[in-house]
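The next block holds one structure in the form of structure tokens; read it before the comments.
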Amino acid sequence: MEQTVENLLINYKTLEKFKFFKEYGNQELSMLEDLENKMVENYNDSPFYGIYIGDNLVARMSLYKVQKKYDAYFEPKQDYLTLWKLEVLPDYQGKGYGRALVEFAKSYNLPIKTNPRINSHTFWEKMGFQKAHYDMERDLGENPLIWMPEGVKEKETT
């Protein structure tokens with residue numbers, strides 16, 4: 001079955017769909033506050049993406065572009081994506097929806113950084129992500145994973 005990733009609208013219908021995810025996900029995965037803030041700010045460029053089966057949102061993620069001037073991960077220094085809060089509803093896990101979201105992010109052909117949840121490292125490794133060399137000042141207690149398109153390498157840490 002083809003999985004089409006859609007840019008999710010910032011509106012009350014999407015807010016209702018996100019509430020369904022919050023029932024299953026960790027607090028760290030809740031996108032409700034992010035979505036509510038974007039609605040209040042009248043933000044038109046949605047960083048939220050998802051996959052629908054009929055009218056049901058079954059998988060979602062946040063994808064933010066980080067400007068080159070803030071790049072502390074990659075060589076050459078460049079814009080990159082931060083992938084957050086990827087979540088697939090339990091009944092739809094193991095069916096390729098998470099992979100489809102990651103492949104969609106990779107289609108931008110920009111490096112990607114993510115901070116994996118506990119017990120999700122195997123998934124990210126299958127997607128071609130690797131552990132970034134830890135830098136105490138840069139990573140602030142996080143353990144980011146990175147994916148790099150051809151011609152990009154990890155910036156050496158000092």
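Everything numeric in this text was worked out from a predicted model, so none of it was measured. Numbers for residues simply follow the sequence, beginning at 1.
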- Query: Can you check side-chain contact (heavy atoms from CB on, under 4.5 Å) on Met148 and Gln130, steps first, answer last?
  - Reply: CA-CA 9 Å; Met148 296 165 286; Gln130 64 187 46; 3.2 Å; yes

- Task: Could you grab the distance from atom OG1 of Thr4 to atom CD1 of Ile53, nearest 0.5 Å is fine?
- Result: 9.5 Å

- Could you give me the CA-CA distance, side-chain angles and deciding distance for Phe123 and Val102, then say whether side-chain contact (heavy atoms from CB on, under 4.5 Å) is met? CA-CA 10 Å; Phe123 169 79; Val102 172; 3.9 Å; yes

- Query: Just by distance, do the side chain of Asn7 and the backbone of Phe48 share a donor-acceptor pair under 3.5 Å?
  - Reply: yes

Which donor-acceptor pairs under 3.5 Å do the side chains of residues 106-113 make with protein atoms, sequence neighbours left out?
{"from": "Lys106", "atom 1": "NZ", "to": "Met127", "atom 2": "O", "distance (Å)": "2.3"}
{"from": "Ser107", "atom 1": "OG", "to": "Phe104", "atom 2": "O", "distance (Å)": "2.5"}
{"from": "Tyr108", "atom 1": "OH", "to": "Tyr49", "atom 2": "OH", "distance (Å)": "3.4"}

- Message: Hydrophobic cluster membership, with links at side-chain heavy-atom distances under 4.5 Å among I/L/V/M/F/W/Y: are Trp147 and Tyr70 in one?
- Response: no

- Message: Quick check against the 3.5 Å criterion: does Gln93 have a side-chain atom that pairs as donor or acceptor with the backbone of Val88?
- Response: yes

- Item | Residues which pass side-chain contact (heavy atoms from CB on, under 4.5 Å) with Lys95, listed by chain and number, not counting sequence neighbours | Tyr97

- Query: Under the side-chain contact (heavy atoms from CB on, under 4.5 Å) test, which residues partner Asn56, sequence neighbours left out?
  - Reply: Val58

- Non-hydrogen atoms of Leu89 and Leu57 that approach each other most closely: CD1-O, 3.4 Å

- Note on the structure: Rounded to the nearest 0.5 Å, the CG atom of Leu8 sits from the CZ atom of Arg60 at a distance of 9.5 Å

- Query: Atom OH of Tyr80 and atom CD of Gln67: how far apart are they, to the nearest 0.5 Å?
  - Reply: 11.0 Å

- Task: Indicate, with yes or no, if Val152 and Leu63 share a hydrophobic cluster defined by side-chain heavy-atom contacts under 4.5 Å among Ile, Leu, Val, Met, Phe, Trp and Tyr.
- Result: no

Anything under 3.5 Å between a donor and an acceptor, one on a side chain of residues 138-145, the other on a protein residue two or more places apart or in another chain? List them.
{"from": "Arg138", "atom 1": "NH1", "to": "Ala72", "atom 2": "O", "distance (Å)": "3.1"}
{"from": "Arg138", "atom 1": "NH2", "to": "His133", "atom 2": "O", "distance (Å)": "2.7"}
{"from": "Asp139", "atom 1": "OD1", "to": "Tyr73", "atom 2": "OH", "distance (Å)": "2.8"}
{"from": "Asp139", "atom 1": "OD2", "to": "Asp135", "atom 2": "N", "distance (Å)": "2.9"}
{"from": "Glu142", "atom 1": "OE1", "to": "Asn115", "atom 2": "ND2", "distance (Å)": "3.1"}

- Linking I/L/V/M/F/W/Y whenever any side-chain heavy atoms sit under 4.5 Å apart, do Tyr64 and Trp124 land together? yes

- Message: Checking the side chain of Thr114 only, and the main-chain atoms of Leu83 only, is there a donor and an acceptor separated by less than 3.5 Å?
- Response: yes

- Message: Nearest 0.5 angstrom please: Lys131 NZ to His121 NE2, how far?
- Response: 6.5 Å

- For Lys77, look at atom NZ and say whether over 12 heavy atoms of other residues, nucleotides or ligands are found less than 6.0 Å away. yes

- Message: To the closest 0.5 Å, what do you measure between CD (Glu87) and CE (Met61)?
- Response: 13.5 Å

- Just jot down the salt bridge (Lys or Arg N to Asp or Glu O under 4.0 Å) partners of Lys65, sequence neighbours excluded, or say none. Asp79

- Item | Shared hydrophobic cluster, Val66 / Leu81 (ILVMFWY, side-chain heavy atoms < 4.5 Å) | no

- Task: Give the minimum heavy-atom separation between Ile51 and Ala100, together with the two atoms involved.
- Result: CD1-CB, 3.8 Å

